[in-house]
Trainee: 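Okay, handing you the structure first.
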Amino acid sequence: MGKVSEERSADSFCRALFNGHLLEERMLPYPEAKSGPWDDVVAALVRFKEDVNSKKIDEDAKLPPELLEQMKAMGLFGMIIPEEYGGFGLSATGYAKAMESLVQVDSSVAITAGAHQSIGIKGLLIFGTPEQKKKYLPKLASGEMVASFALTEPTSGSDAQSIKTKAVLSSDKKHYIINGGKLWITNGGFAEFFTVFAKVDVTQDGETKEKVTAFIVERSMGVKNLAEEHKLGIKGSSTVQLVLEDVKVPVENVLGEVGKGFKVAMTILNSGRLGLASGCIGASRAMMKEAVGYASERKQFNLRLVDFKMIKEYITQMEVSTFVLESMVYLTTHWIDQGVHDYSMESAICKVFGSETCWDNVNRALQIAGGNGYMKDYPYERALRDARINLIFEGTNEILRLFIGLTGLQSVATELKETQSAVNSLFNEPAKGFGAFYGYATKRLRQKFSPEMAKGIHPSFEAQTKQLGRSIAELSEAAEAVVKKHRKDVVHEQHDLKRIADISIDIYGMCAVLSRVTTEIKSSGEEAATHSRHIASIFCSQARRRIRANLRALEVNKDKIADQVADRVVQRLTQ
Ligand code: MYA
C-alpha cells in the first residue's frame with residue numbers, strides 16, 4: 001500500500017491541505033442543497049416508511065418478496081441510472097439525499113438498494129461501453145436485474161489486490177473462463193448481475209503478470225451462491241459466498257481495460273464510501289429523534305431527562321457531529337457534481353467520520369434510553385447492531401486511515417522531490433537552475449497557507465479561521481517531518497499515519513462546517529444562523545484540541561513500549 005498516481009493529485013482539496021494549501025475558491029460558497037430534483041424521491045421514501053416493518057425484517061432476517069417488488073416499482077434500483085435508460089438520473093448530491101432517507105425506512109432496505117447502486121452498477125456507469133450500458137442498464141433500473149459487487153475473497157479482504165479468482169482467455173479468444181470464490185457478497189443470494197474482479201495473465205515487455213480485471217457477469221453464466229450468512233445486523237439484506245466454477249464470460253463483458261481492474265474497483269469504492277456516509281447521516285438523525293423523544297418524556301428525580309446536563313451533552317454532541325458530517329458529505333458530492341475527478345480522500349474521510357458519528361450517535365441514544373435501550377421492544381439495540389458494520393465494510397476504518405494518511409504524504413513527498421530537483425538544478429546548472437528554483441520557490445511560498453487564503457470565511461469566525469490556518473500549516477509541516485523521518489518505511493508507521501489521518505479528518509470537518517455556516521450567515525444573517533454558528537464554534541474547538549494532541553503525540557508518545565505490551569500479550573495468549 002502507498003502509491004498514489006500523479007494524475008489523481010491535481011484536483012483533490014484534501015491532498016492540497018497536506019501541502020499547506022487551502023483551495024478556498026473550491027470551498028466557498030457552500031452548496032446549499034435544500035431542495036432539488038431528489039425531492040420527489042425523498043417524499044416517496046417518507047411515505048414508504050409507513051409500509052415497512054423493520055422489526056419483522058430483523059426477526060425474519062429477510063426482506064419480504066412483496067417489499068422487494070414494491071422497491072422495484074418505486075424505481076429505487078434506478079435512482080442514479082440516467083433517465084434515457086429508465087432511471088431517475090440523480091446526481092451525487094441527489095443520491096446522497098435519497099440514501100439519507102432510505103436508511104430511515106430500514107437499514108436492510110437501504111443496504112439492498114445501496115449495494116446495487118453505490119457499488120453493484122457503479123462500474124458499469126463509469127467504465128461501461130455504450131453497448132454494455134444499453135444491454136444492462138434498463139434491466140438494472142427496473143430491478144429486473146439486481147446487482148452485486150464481488151471483490152472480497154476468503155483470503156483477500158483489506159488487501160484487495162491479493163485476490164485469487166482467475167480469469168483465463170479461451171482458446172478461441174471469445175470468452176474468459178472464471179474460477180474462484182467471493183465472500184460476503186451483498187445481494188448475492190438473488191442478484192442476476194455481478195461486477196466481478198479476477199486476475200488475468202497480462203504480458204507486457206515480454207513479462208507475464210497477473211493483473212486484476214473487472215467483468216460483468218450474469219448469474220446465468222454459471223454463478224452459484226451458498227446459503228445466507230447469519231449476521232449481527234442488517235439481517236434483512238442478503239450476504240452470501242459466491243462460487244465461480246468455469247463461469248464463461250464473453251470478452252465483450254470486460255469492464256474497462258484488461259489488467260486495469262484494480263483501478264475500476266477503487267473508483268467504484270470511492271463513490272460507494274460516500275453513499276455509506278450519506279446513509280450514516282440518516283441513521284444518525286433517526287437515532288437523535290428517537291432519543292430526544294424518549295428523553296423529553298421520561299422523568300427521573302422529577303425532571304425530564306432532557307433537562308439533565310449530561311444528557312444535554314450527549315444531545316449536543318450528536319447534533320454537532322451529524323451537522324459536520326452533513327457538511328462534509330454535501331461539499332464532496334457538490335464537487336463530484338461539478339466534475340471534480342479525484343475525491344478518493346474526501347470520500348474515505350466521509351466514510352470514516354460518518355460511520356464513527358453514526359456509531360457514537362446510536363450508542364449515545366441507547367445510553368439515553370437506559371435499560372429500555374437494551375431491550376428489543378425499542379429500536380436502539382437493532383440500530384446498534386445495524387450500525388456496527390459501517391465501521392467495517394467498504395474499507396475498514398483502519399485501512400481507510402492508512403489510505404488517507406499515505407495519500408496525503410504522497411503529495412508531500414512529491415513536493416519534496418520537486419524541491420530536491422529544483423535545488424539540484426541550482427547547483428548543477430546555476431544559469432538555468434536559478435530560474436527554475438526561483439519559480440518553484442515562489443510558487444511554493446505563494447501556495448502555503450496565509451490568512452489571505454481564508455478571507456471568504458465569515459469574520460465572526462476570526463478565531464476559528466486562525467485555528468484552521470494554524471492546523472493546515474502544522475499538518476503540512478508534520479507530514480513533511482514524517483516523510484523525511486521514515487522515507488519509504490513510512491508505510492509501516494501505522495501509529496503516525498493514523499495521527500496524520502485524524503488531523504486531516506478534523507481539518508476537513510473544520511473547512512466544511514466553516515464553509516456551510518459562512519454561507520448560511522450570508523443568506524440568513526448572523527442571528528438566524530445562531531444554532532449553526534454555535535455548532536461550528538464547538539466543532540472547531542474540539543477539532544483543534546484533537547489536532548494539538550495528535551501533533552504532540554507525533555513527537556512524544558509511548559508507541560514503542562505500547563507495541564511491546566501487545567507483542568507480549570500475543571506471545572502469552574498463543575503459546
Ligand atoms: S466491498 C469490499 C470493500 N473492500 C475494500 O474497501 C478494500 C480495501 N482496500 C483498499 O481500498 C485497497 O486495497 C488499498 C490499496 C487502499 C488498501 N482511488 O499500492 P496501492 C490506486 C483511486 O496503495 P495496495 C464492501 O465492503 C493507487 O493510487 N485509486 O495498493 C461492500 C495506485 O495507483 P497507481 C486508488 O497497497 C459492502 C494503485 O491503486 C485508490 O494494494 C456492501 C495501487 O495502490 C482509491 N481509493 O492497497 C456495502 N486506492 O498504480 C453496501 C488505491 O496508478 C453499502 N488506488 O499508482 C450500501 C450503502 C449503505 C447505506 C447505509 C448505511 C448506514
Side-chain angles (χ1 to χ4, degrees), residues 1-9 12 15 95-96 98-120 122 147-153 156-163 182-188 195 197 211-212 233-234 237-239 259-287 325 341-349 351 354-355 357-359 361-362 383 386-407 410 491:
M1 177 155 169
K3 285 192 287 130
V4 178
S5 60
E6 285 308 297
E7 93 210 25
R8 297 202 299 111
S9 66
S12 164
R15 278 172 65 106
Y95 181 60
M99 287 312 290
E100 234 189 89
S101 298
L102 195 56
V103 85
Q104 298 189 48
V105 171
D106 176 79
S107 295
S108 296
V109 166
I111 296 289
T112 305
H116 172 84
Q117 288 162 103
S118 295
I119 51 179
K122 196 74 195 181
S148 275
F149 177 82
L151 175 65
T152 305
E153 299 185 0
S156 166
S158 292
D159 182 6
Q161 268 193 102
S162 68
I163 56 169
K182 297 287 173 182
L183 192 67
W184 301 323
I185 304 306
T186 308
N187 290 346
T195 301
F197 297 87
K211 295 235 168 171
V212 179
I234 54 164
S237 65
S238 162
T239 310
K260 300 271 174 72
F262 189 66
K263 260 299 171 25
V264 174
M266 293 300 113
T267 308
I268 294 172
L269 285 168
N270 289 339
S271 97
R273 288 166 187 159
L274 215 43
L276 181 53
S278 49
C280 289
I281 302 172
S284 300
R285 287 248 171 259
M287 272 296 102
L325 171 62
H341 188 63
D342 178 8
Y343 53 91
S344 55
M345 221 168 151
E346 289 78 5
S347 72
I349 288 178
K351 192 277 187 181
S355 56
T357 293
C358 180
W359 177 248
N361 275 17
V362 178
D386 286 349
R388 188 61 184 82
I389 189 63
N390 297 325
L391 306 159
I392 300 173
F393 64 14
E394 297 215 59
T396 65
N397 287 10
E398 289 75 18
I399 213 75
L400 291 182
R401 280 193 163 87
L402 295 182
F403 171 73
I404 295 162
L406 283 169
T407 305
Q410 176 75 26
V491 290

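Read the numbers this way: they start at 1 and go in the same order the structure lists the ligands and their atoms. Since this is a predicted model, take the numbers as computed values, not measurements. The basis for the numbers below is simple: all heavy atoms, side chains too, and nothing from hydrogens, waters or symmetry mates.
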Trainee: Provide the number and element of each atom of ligand 1 under 4.0 Å from a heavy atom of F393.
Mentor: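 Near F393, the atoms of ligand 1 are 26 (O), 37 (C), 42 (C), 48 (C).
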Trainee: On a heavy-atom basis, I'd like to know which of A110, G272, S158, A160 is closest to atom 8 (C) of ligand 1.
Mentor: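 The nearest heavy atom belongs to S158.
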Trainee: Using distance alone, determine whether E394 and ligand 1 share an N or O pair under 3.5 Å.
Mentor: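 There is such a contact, yes.
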Trainee: Give a yes or no answer on whether the side chain of S148 reaches the backbone of T186 with a donor-acceptor pair at less than 3.5 Å.
Mentor: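 A pair under 3.5 Å: yes.
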Trainee: With heavy atoms only and a cut-off of under 4.0 Å, state how R273 meets ligand 1: side chain, backbone, both or neither.
Mentor: side chain
Trainee: Could you check if a side-chain atom of N397 sits within less than 4.5 angstrom of a side-chain atom of K351, using non-hydrogen atoms only?
Mentor: yes
Trainee: By number and element, which atoms of ligand 1 are closer than 4.0 Å to a non-hydrogen atom of F149?
Mentor: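 Counting atoms of ligand 1 from 1, those under 4.0 Å from F149 are 1 (S).
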Trainee: Checking Y95 against S278: is there a side-chain donor and acceptor pair closer than 3.5 Å?
Mentor: no
Trainee: Of the backbone atoms (N, CA, C, O) and the side-chain heavy atoms from C-beta on, which set of I119 has a member under 4.0 Å from an atom of ligand 1: side chain, backbone, both, or neither?
Mentor: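 Side chain only; the backbone of I119 stays clear of ligand 1.
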Trainee: On a heavy-atom basis, I'd like to know which of M99, K182, E100, M266 is closest to atom 55 (N) of ligand 1.
Mentor: M266
Trainee: Touching ligand 1 at all, L276? Heavy atoms, strictly under 4.0 Å?
Mentor: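 Contact check L276 vs ligand 1: positive.
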Trainee: Quick check: T267 and ligand 1, any N/O pair under 3.5 Å apart?
Mentor: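 Between T267 and ligand 1 (N or O atoms, distance only) the closest approach is not under 3.5 Å.
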Trainee: So is A283 touching ligand 1 or not, going by heavy atoms under 4.0 Å?
Mentor: no
Trainee: Please report the shortest heavy-atom distance between F403 and S344, naming the atom on each side.
Mentor: CE2-O, 3.6 Å
Trainee: Counting both backbone and side chain atoms, is some N or O of Q161 under 3.5 Å from an N or O of ligand 1?
Mentor: yes
Trainee: Let me confirm one number: the CZ-OG1 distance from F149 to T195, rounded to the nearest 0.5 Å.
Mentor: 7.5 Å
Trainee: Which residues pass the side chain to side chain contact (heavy atoms under 4.5 Å, CB included) test with A113, sequence neighbours left out?
Mentor: M71, L102, Q117
Trainee: Looking only at distance, does G395 have an N or O less than 3.5 Å from an N or O of ligand 1?
Mentor: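 Yes - when backbone and side-chain N and O of G395 are compared with those of ligand 1, one distance drops under 3.5 Å.
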Trainee: Give the atoms of ligand 1, by number and element, whose distance to some non-hydrogen atom of G114 is under 4.0 Å.
Mentor: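 Answer, ordered by atom number: 57 (C).
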Trainee: Does N390 approach ligand 1 within less than 4.0 angstrom via side chain, backbone, both or neither, non-hydrogen atoms only?
Mentor: side chain
Trainee: About how many Å separate CD1 of I111 and CG of L276, when rounded to the nearest 0.5 Å?
Mentor: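 These two atoms lie 7.0 Å from each other.
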Trainee: For ligand 1, which atoms sit closer than 4.0 Å to a heavy atom of I111?
Mentor: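 That gives atoms 59 (C) of ligand 1.
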Trainee: Just verifying a value: how many Å separate I404 CD1 and I349 CD1, rounded to the nearest 0.5 Å?
Mentor: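 One gets 5.0 Å once the value is rounded to the nearest 0.5 Å.
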Trainee: May I ask you to list the atoms of ligand 1 that are less than 4.0 angstrom from any heavy atom of T186?
Mentor: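 The list of qualifying atoms is 37 (C), 42 (C).
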Trainee: Atom CZ in R273, atom CE in M266: separation rounded to 0.5 Å?
Mentor: 6.0 Å
Trainee: Against heavy atoms of T152, which atoms of ligand 1 measure under 4.0 Å?
Mentor: 2 (C)
Trainee: So among S237, S107, S108, which one has a side chain to side chain donor-acceptor pair (under 3.5 Å) with D386?
Mentor: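 Of the listed options, the one satisfying the test is S107.
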Trainee: Using a 3.5 Å cut-off on N or O atoms only, is N270 in polar contact with ligand 1?
Mentor: yes
Trainee: Count the heavy atoms of every other residue, nucleotide or ligand shown that sit under 6.0 Å from CH2 of W359, and state whether that count exceeds 12.
Mentor: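 It does: W359 CH2 has more than 12 such atoms within range.
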